[in-house]
Protein chains: 2
Amino acid sequence: MLAAEFLDRLQRIVGTENLLTDPVDCYAYAYDNSRKIFPPEAVAFALDTGQVRDIILLCNQYHVPVTPRGRGTGTSGGSVPEQGGLALSLERMRKILHIDPANRVIVAEPGVLNQEIQDAVRLHGFFWPPDPSSSAYCSIGGNLATCAGGPHAVKYGVTRDHVLGLTAVTGAGEIIKTGCYTTKGVVGYDLTRLVIGSEGTLAVVTEATLKLTPLPQAVGGITAHYADIASCARAISAIMAQPHIPSALEFIDGAALDLIRGRHPDLLPENSRAMLMIEVDGGEAEIADSARAIRQACKNPGLITAEATADPATLWAMRKALSPLLRDIAPKKINEDIVVPVSRLPELLQGLEDLSGKYRIANVNFGHAGNGNIHVNLLVNPDIADEMQRAEACLDEVFDLVLKLDGTLSGEHGVGREKRAYVSREIDAPTLELMKQIKRVFDPNQILNPGKLFP
Amino acid sequence: MLAAEFLDRLQRIVGTENLLTDPVDCYAYAYDNSRKIFPPEAVAFALDTGQVRDIILLCNQYHVPVTPRGRGTGTSGGSVPEQGGLALSLERMRKILHIDPANRVIVAEPGVLNQEIQDAVRLHGFFWPPDPSSSAYCSIGGNLATCAGGPHAVKYGVTRDHVLGLTAVTGAGEIIKTGCYTTKGVVGYDLTRLVIGSEGTLAVVTEATLKLTPLPQAVGGITAHYADIASCARAISAIMAQPHIPSALEFIDGAALDLIRGRHPDLLPENSRAMLMIEVDGGEAEIADSARAIRQACKNPGLITAEATADPATLWAMRKALSPLLRDIAPKKINEDIVVPVSRLPELLQGLEDLSGKYRIANVNFGHAGNGNIHVNLLVNPDIADEMQRAEACLDEVFDLVLKLDGTLSGEHGVGREKRAYVSREIDAPTLELMKQIKRVFDPNQILNPGKLFP
């Protein structure tokens, strides 16, 4: 229980209108897309950097856990207030502070939505490359916390590649300024990228200087269908081994295609058991060149068709809908975002099929194949104890397989609370210990998103 | 003086053939391109990660300062053994461990030269984007330590953008593995980029997994000459505000052009007082499009000519020779690599001219204008005390100007020992203190490159 004195002082920082203490109100801040529920005892909405600092100093003084939160669209439980205490919502820090087209920069507060950034800069001929499926609803603060990616990361990189500097408040309540306003800068340690992807365990970002990219002149699409998954995996590898980098290279397996067929009966060839959605962008001539080279790389005996995408909008809407659609066919999905080097995708996808058979756990796989980043979804019914046990064992072997193939356990969702049990398989003990010591430097009282990210 | 017991144990780690103790031999490891001389008391050449660990553990035990060193081509004194002790040379760790074209990866030891990486991967259709002027001689270990850039950073980014993971030994003697082998990965804190650019103060890199980029299909060049520097600065801004990003955009001022005229009398138009060397790359059609757009952006009343570069090889050789040429005309140059947002370049270049007049200190300016990264060279005679004082005062105002224009003190050379007195003007006290605490986590006994980087 939070002390009355603590709540009183908190209210003096943010005002009555920016503080929730009624459990019914707090419940909305208890979960994210991991569907685990841990209600905070209070929710505070900070409006500026000074308030974030004052809140964190207060939480230090009263030893209250504080879990920073954007829009709660994460899938790993990173923003869930597992230890109760305070949820610190940044959703009301919604100002775009300035747009500077001449220097390709936008400066914004963390509560601005990804889509709002895109809308604000499109007018000037730019976009900000991170594009998670949740872009319409997720905040850039959350994108920074998780180092978000998305389909276009294969060409444009992830969040850490598109940030120049940050203002943030550490777990100790110190306001820090990292990075710079220019596209080059090497003075001091790179704290910008240390904070990006640290899932709110080191510092709370209160202002971000984002680097913008010119919008491509044009975009083209290719859709390729394969009779079997192995042929499709080989094609992914071949596409990524030639010099024309697609701007997106999404893979959808047979089970996921069946899901789509349920909604759009005539959209897909009947015999397709694996599909690639490929996007190329640039000038018209560049697109034509790239499309030619990529269609060539698509060819192998398992290819059914590789053709210009007829209706890209429908196809992308369908791709974005896949994750929620899974909820229709199974009471629960265990959703992973493993990554392997693209040349190892054939082994990974074969291995996943074998494990699905071995443990009798249906899986549906799709994702950002150009990065080797596959969203593996194990479909389970949590009411069947035996099935849950088999799923756990299956997942265990999936992770071992990924690491054996030189992969990583998470490409873009992060560790949060969902994957922390597996972290020490990927990161060795001395490196993990060093990370823990860095955590203690930023957050000596361990009040900032405590218990997350580490095993 | 190093204890005989220390040297004896050191010799047992690396062998007689990998240890220098004669002051004459050690002298070659006393300096870098900052031209400051601090001889080490011994030089050890490590051959593998285990030896690096053993050496660092030994130095911890005997409290011996250890300064890691690549090829000593840095300009900020980062690799100079300022406090004596041991120079730890990585130049004999020269193995390319493997090349993996299918995944666009090369894994190499730190002593491999930048050019050797380029040569090894060119065969497979790739390059590694960091391209400092010293690429033929500098090691990738040094590139990682300084987060090296170069002319192509304007399109391709700097070292931190092209590294997937590292093996390194911390100042405490722990072997850590950072990052991953895949192009996406968000498990744990981003130690890769924390180590990159830390100038050997946190850890010694012993193995690097580098991300490769496909070679462009073709390259084109434009050379633009201006009657005055202000017009040229406005053109840089206009070029960077349009969507076609040049693969290089180098600026050379009138004083630097005069230097070139001394060597190549007929190469440059007589009335040119500022020049841009612009490169575009990509497919043929893309190049044509980009060249058209960029030539349009070059136009303003001060433009003399903007034409396809007749002889790119000569031009680039000339550009690369500029830095050494400066040594011909002045006994000493104070060489900086400040950065400002490109839109502020007109103000910067005007300000530099004003300061040159005010302090009667000749300056020569050139550099990576597309990033706003200008190499300012103050030409001085160290034997004239009054001139040195004026130069110091001038430099002081140059840095104030840069920070007033939202810039940074170093774009690619780093802080080392040359710029540390100015660091606290750019980085505020709480952020600097946090960096110092991170340094203590990696290097609790402060033996690794002690005294560098911090004010």
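Proteins get letters first, then strands, A, B, ... in listed order; numbering begins at 1 in each.
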Please look at [X] and chain A and tell me whether the side chain, the backbone, both or neither of the residue comes under 4.5 angstrom of a heavy atom of that chain.
| X | value |
| --- | --- |
| H413(B) | backbone |
| V340(B) | backbone |
| Q437(B) | both |
| E412(B) | both |
| R160(B) | side chain |
| R193(B) | both |
| E284(B) | neither |
| V339(B) | both |
| A153(B) | side chain |
| K419(B) | neither |
| L191(B) | side chain |
| D289(B) | side chain |
| E433(B) | neither |
| N371(B) | both |

Any idea which heavy atoms bring [X] and [Y] closest together, and the distance?
| X | Y | answer |
| --- | --- | --- |
| P243(B) | P214(A) | O-CG, 3.5 Å |
| V186(B) | G414(A) | CG2-N, 3.5 Å |
| K184(A) | T408(B) | O-CG2, 3.5 Å |
| A102(B) | S343(A) | CB-CB, 3.9 Å |
| T431(B) | K177(A) | OG1-N, 3.1 Å |
| P430(A) | I175(B) | CB-O, 3.7 Å |

If you tally heavy-atom pairs under 4.5 Å against chain B, which of [options] wins?
| options | answer |
| --- | --- |
| T201(A), T213(A), D100(A) | T201(A) |
| G185(A), G157(A), G282(A), G283(A) | G185(A) |
| R344(A), E199(A), H124(A), K439(A) | K439(A) |
| M435(A), E426(A), H244(A) | M435(A) |
| V154(A), I245(A), D161(A) | I245(A) |
| A288(A), A429(A), G411(A), A285(A) | G411(A) |

Which one wins on heavy-atom pair count under 4.5 Å against chain A: [options]?
| options | value |
| --- | --- |
| A172(B), P341(B), S198(B), G149(B) | P341(B) |
| R420(B), E174(B), M240(B), Q242(B) | M240(B) |
| T178(B), L434(B), T170(B) | L434(B) |
| G197(B), A238(B), S410(B) | S410(B) |
| L432(B), T192(B), L202(B), V158(B) | L202(B) |

Query raised in the report: Does a side-chain heavy-atom distance below 4.5 Å link V423(A) with V187(B)?
Result: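 Of all side-chain heavy-atom pairs linking V187(B) with V423(A), at least one is under 4.5 Å.
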Find the distance between [atom1] ([X]) and [atom2] ([Y]) and round it off to the nearest 0.5 Å.
| X | Y | atom1 | atom2 | result |
| --- | --- | --- | --- | --- |
| T183(B) | H368(A) | OG1 | NE2 | 11.0 Å |
| E286(B) | S290(A) | CD | OG | 8.0 Å |
| T209(B) | D406(A) | OG1 | CG | 9.0 Å |
| D190(A) | I196(B) | CG | CD1 | 8.5 Å |
| S237(A) | N103(B) | OG | CG | 7.0 Å |
| L405(B) | T182(A) | CG | OG1 | 11.5 Å |

Query - Ring-ring centroid check F442(A) Y189(B), cutoff 6.0 Å - result: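 Aromatic pair excluded; centres sit 6.0 Å or further apart.
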Report task. Please look at Y422(A) and chain B and tell me whether the side chain, the backbone, both or neither of the residue comes under 4.5 angstrom of a heavy atom of that chain. Result ->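 The answer is neither part of Y422(A).
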Query - Interface moiety of I427(A) toward chain B, non-hydrogen atoms closer than 4.5 Å - result: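 Just the side chain, heavy atoms under 4.5 Å.
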Query raised in the report: Is the NZ atom of K404(B) crowded by more than 12 outside heavy atoms at less than 6.0 Å?
Result: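 No, the 6.0 Å shell around NZ holds no more than 12 heavy atoms from other groups.
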